[in-house]
Novice: 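First the structure, which I've put down as structure tokens, then a few questions once you've had a look.
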Amino acid sequence: MRGVRSTAHRFRVPLDHKDPAGEHISLFAREYSSTDHSDADAARLPWLLFLQGGPGVRGNRTTQLSGWMKAAARDFRILMLDQRGTGFSTPADSVTLPQRGTPAEQAAYLRHFRADSIVADAELMRAALGSAPWTVFGQSFGGFCTLSYLSLAPEGMDRALITGGLAPLAGPPEGVYRSTFRRVAARNAEYFTRYPEDRAAVTRIMRHLDRVEEFLPTGERLTPQRFQMVGSFLGGNTRVDALHYLLEDAFADASGADRLSPVFLDQLPAVVSRRSNPLYALLHESIYCQGEASNWAALRVLAQFPEFAPDAPDPLLTGEMVYPWYFDEDPSLVPLKETAELIAAVDDWGPLYDVQQLAANTVPAAAAVYSDDIYVDRDLSLKTAVSVRGLQVWETADFHHDGISDDGDAIFSRLLAMTRTA
């Protein structure tokens with residue numbers, strides 16, 4: 001396809017890597033290589049494993065090499081993994097999870113879907129492919145997994161590349177949300193300076209939803225707090241401008257009609273629903289937990305930031321935080337409400353990072369830290385960076401969390417060069 005060859009790979013791995021004789025699940029990954037290389041030459045290229053952001057987001061599907069993938073394909077075969085529970089791997093969603101049994105049984109099953117399990121999956125896949133230690137490239141949550149890889153199986157890595165994904169190595173998730181709420185507030189201010197007319201538009205939509213019942217194409221009511229989820233656009237370089245166009249479409253008649261337009265409502269499900277990636281809502285807070293419960297940390301920290309309350313005079317748009325009301329208002333999540341409550345109460349999560357191993361790291365590693373990232377806080381990222389021996393950091397204010405979607409070729413090439421000169 002347009003200069004790219006694609007090969008599907010399937011693997012069987014234990015659900016619980018501590019019980020290799022127990023239940024197994026399927027993993028899917030797609031190999032991409034450039035037709036600039038002959039078949040024989042491509043087969044000799046070293047592997048690069050890409051770990052997607054999320055949690056709960058499948059690997060990218062592409063029909064041509066561009067951005068970071070085009071840059072990577074000059075030197076690597078790319079293995080694009082559907083992390084466990086996503087894509088063509090054994091799914092974990094609102095259809096399949098209830099088939100596991102009770103909410104308690106579902107929650108027990110989902111305890112095996114964090115970064116430590118993903119790293120163990122990767123090592124089994126590497127062995128099955130007969131690969132030498134490979135390059136691991138992690139974006140966002142994929143970067144968290146890459147840090148876990150450096151902790152738990154560094155012998156499987158030739159180098160580590162991380163973009164927007166240096167996780168805190170310890171501490172409860174409340175610290176994460178206190179930092180990111182501040183960054184989201186600052187990004188709101190930046191956005192409304194850029195598009196001043198949208199300040200009134202957001203408030204108008206919020207007040208309208210307070211008094212008028214509006215329904216999404218999926219049938220449920222659009223509430224003010226659910227509309228605030230469009231703040232996810234603020235995490236991007238180019239998506240921030242797409243938010244302006246979305247808000248432009250809000251009302252059917254710009255002269256003052258009092259109903260939201262079908263065009264506007266039709267665009268929202270992709271932004272305000274977790275139908276396609278329920279693992280994000282179920283496990284998002286747990287990706288920070290080691291030996292403590294999340295107990296809906298974002299909701300508790302939200303009380304310290306009244307400017308985000310739906311009834312604030314000029315309410316701000318929210319970021320990627322997850323709240324328990326998702327499981328009341330999103331029909332795809334309603335069947336998983338009790339499961340979500342049980343996961344939020346888990347207080348014996350195992351370790352995700354080995355601080356001593358990271359302090360002794362010998363794997364060449366480089367990370368892009370985005371100064372104004374609203375999802376992965378810059379200060380917390382830099383604190384982690386100094387704990388990883390030999391990790392080189394490139395901090396930049398030129399990109400936001402989706403930097404590799406904006407100029408992936410330049411970002412990837414820079415990080416790769418940093419590891420080659422370490």
Side-chain angles (χ1 to χ4, degrees), residues 48 50-54 57 60 62 65-75 78 135-144 146-147 159-168 176 179-196 198 230-246 316-317 319-320 364-386 388 391-422:
L48 179 146
F50 181 70
L51 296 176
Q52 178 64 280
V57 180
N60 299 330
T62 188
L65 294 171
S66 61
W68 76 263
M69 293 184 70
K70 183 176 183 179
R74 297 175 193 134
D75 300 299
I78 300 166
T135 293
V136 179
F137 178 24
Q139 156 66 13
S140 188
F141 171 68
F144 294 16
T146 304
L147 278 174
R159 61 173 56 85
L161 310 176
I162 296 171
T163 51
L166 287 179
V176 172
S179 296
T180 53
F181 269 119
R182 286 192 289 268
R183 296 219 180 262
V184 176
R187 185 65 164 157
N188 269 263
E190 180 185 348
Y191 176 80
F192 291 128
T193 298
R194 185 171 183 158
Y195 293 109
D198 287 356
V230 302
S232 62
F233 281 90
L234 298 174
N237 274 52
T238 55
R239 293 183 75 230
V240 68
D241 300 301
L243 175 59
H244 174 67
Y245 290 128
L246 173 69
L316 300 185
L317 301 172
E320 66 169 356
V369 173
Y370 305 128
S371 302
D372 302 309
D373 196 329
I374 67 171
Y375 296 149
V376 180
D377 179 72
R378 173 257 186 200
D379 295 340
L380 296 177
S381 293
L382 294 182
K383 182 179 179 181
T384 292
V386 299
V388 183
L391 173 64
Q392 299 186 75
V393 172
W394 168 44
E395 182 182 355
T396 175
D398 292 339
F399 302 101
H400 286 268
H401 193 67
D402 67 347
I404 61 169
S405 297
D406 195 41
D407 194 358
D409 189 332
I411 292 172
F412 176 87
S413 298
R414 179 165 183 156
L415 295 179
L416 182 62
M418 290 166 66
T419 63
R420 286 174 168 170
T421 58

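A quick note: this is a predicted structure, and the numbers were derived from the prediction, not measured. Just the heavy atoms: all of them, side chains too, but no hydrogens, waters or symmetry mates, feed the values below.
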Novice: Going by side chain to side chain contact (heavy atoms under 4.5 Å, CB included), W68 matches just one of I404, L161, L415. Which one?
Specialist: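 Only match with W68 under side chain to side chain contact (heavy atoms under 4.5 Å, CB included): I404.
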Novice: Could you tell me which non-hydrogen atom of S381 sits nearest to which non-hydrogen atom of V376, and how far apart they are?
Specialist: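 Closest approach of S381 to V376, heavy atoms only: OG-CG1, 3.4 Å.
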Novice: Scan side-chain atoms only and decide if H244 and R194 contain a donor-acceptor pair under the 3.5 Å cut-off.
Specialist: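 No - no donor-acceptor pair under 3.5 Å links their side chains.
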Novice: Do N60 and F50 touch side chain to side chain, with heavy atoms closer than 4.5 Å?
Specialist: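 Yes. Closest side-chain heavy atoms under 4.5 Å.
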Novice: Rounded to the nearest 0.5 Å, what's the gap from CZ on R414 to CH2 on W394? Could you check?
Specialist: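 It comes to 5.0 Å.
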Novice: Show the numbers, then the answer: is there a side chain to side chain contact (heavy atoms under 4.5 Å, CB included) between L234 and L243?
Specialist: CA-CA 8 Å; L234 298 174; L243 175 59; 3.8 Å; yes
Novice: Does S232 offer a backbone N or O that forms a donor-acceptor pair with the side chain of Y375 under 3.5 Å?
Specialist: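 Side chain of Y375 to backbone of S232, a donor-acceptor pair under 3.5 Å: yes, one is there.
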Novice: State the NZ-CD1 distance between K70 and I78, to the nearest 0.5 angstrom.
Specialist: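 K70 atom NZ to I78 atom CD1 measures 12.5 Å (nearest 0.5 Å).
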Novice: To check you understand the geometry: which heavy-atom pair defines the closest contact between V369 and R378, and what is its length?
Specialist: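 The answer is CG1-CG, 4.0 Å.
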Novice: Rounded to the nearest 0.5 Å, what separates atom OG1 in T193 from atom CG in D198?
Specialist: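 T193 atom OG1 to D198 atom CG measures 11.5 Å (nearest 0.5 Å).
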Novice: For the atom pair CG (L166) and NZ (K383), what is the distance rounded to the nearest 0.5 Å?
Specialist: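 Going from the CG atom of L166 to the NZ atom of K383 covers 13.5 Å.
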Novice: Take T163 and Y370, measure what side chain to side chain contact (heavy atoms under 4.5 Å, CB included) needs, and give me the verdict at the end.
Specialist: CA-CA 8 Å; T163 51; Y370 305 128; 3.7 Å; yes
Novice: Main chain of A410, side chain of S413: is a donor-acceptor contact present, judged purely on distance under 3.5 Å?
Specialist: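 Between the backbone of A410 and the side chain of S413 there is no qualifying donor-acceptor contact (under 3.5 Å).
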Novice: Taking the side chain as every heavy atom from C-beta outward, state whether V240 and Y191 have any atom pair closer than 4.5 Å.
Specialist: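 The answer is yes; the side chains approach within 4.5 Å.
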Novice: Specify the closest pair of heavy atoms between A72 and L48, including all atoms of both residues, with the distance to one decimal.
Specialist: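 Closest pair (atom of A72, atom of L48, distance): CB-CD1, 4.4 Å.
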Novice: Would you say the side chain of T384 lies within less than 4.5 Å of the side chain of F144, judging by non-hydrogen atoms?
Specialist: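 Result no, sub-4.5 Å side-chain heavy-atom pair not found.
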Novice: Quick one, D241 and Y195 - any side-chain contact, counting heavy atoms below 4.5 Å?
Specialist: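 Yes, side chains in contact.
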Novice: For the pair D402 (side chain) and N237 (backbone), establish whether a donor and an acceptor sit closer than 3.5 Å, ignoring hydrogens and angles.
Specialist: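 Answer holds: yes.
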Novice: Any donor-acceptor pair under 3.5 Å linking the side chain of D409 with the backbone of A71?
Specialist: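 No, the answer is negative, given that no donor and acceptor are paired below the 3.5 Å cut-off.
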Novice: Quick one: do the H401 and D373 side chains pair a donor with an acceptor below 3.5 Å?
Specialist: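 The criterion, which ignores hydrogens and geometry beyond distance, is satisfied for D373 and H401.
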Novice: Write down the atom of M69, the atom of T62, and the distance for their closest heavy-atom approach.
Specialist: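 Heavy-atom minimum between the residues: CE-CG2, 3.7 Å.
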Novice: Side chains of L416 and F137, heavy atoms from C-beta outward: is any pair under 4.5 Å?
Specialist: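 They are not in side-chain contact.
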Novice: Looking at side-chain heavy atoms only, is the closest gap between R187 and R183 below 4.5 Å?
Specialist: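 Result no, sub-4.5 Å side-chain heavy-atom pair not found.
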Novice: Starting from the C-alpha separation in whole Å, work towards a yes-or-no answer on salt bridge (Lys or Arg N to Asp or Glu O under 4.0 Å) for R420 and D75.
Specialist: CA-CA 13 Å; R420 286 174 168 170; D75 300 299; 3.8 Å; yes
Novice: For the residue pair D377 and V176, establish whether any side-chain heavy-atom pair is separated by less than 4.5 Å.
Specialist: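 Side chain of D377 against side chain of V176, heavy atoms only: no contact under 4.5 Å found.
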Novice: For a quick test of reading the model, state the closest non-hydrogen atom pair linking I374 to G231 and the distance between them.
Specialist: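 The answer is CD1-O, 4.4 Å.
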Novice: If you round to the nearest 0.5 Å, how far is CZ of F399 from CD1 of I411?
Specialist: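 Nearest 0.5 Å value for the CD1-CZ distance: 4.0 Å.
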Novice: Any chance you could measure S371, atom OG, to E395, atom CD, to the nearest 0.5 Å?
Specialist: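 Result: 3.5 Å between the selected atoms.
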Novice: Flag the pair T135 / T419 as yes when at least one side-chain heavy-atom distance between them is below 4.5 Å, and no otherwise.
Specialist: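 SC-SC contact between T135 and T419 ruled out.
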Novice: Of the non-hydrogen atoms in A73 and L65, which two are nearest, and what is the gap between them?
Specialist: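 Taking every non-hydrogen atom into account, CB-CD1, 3.7 Å.
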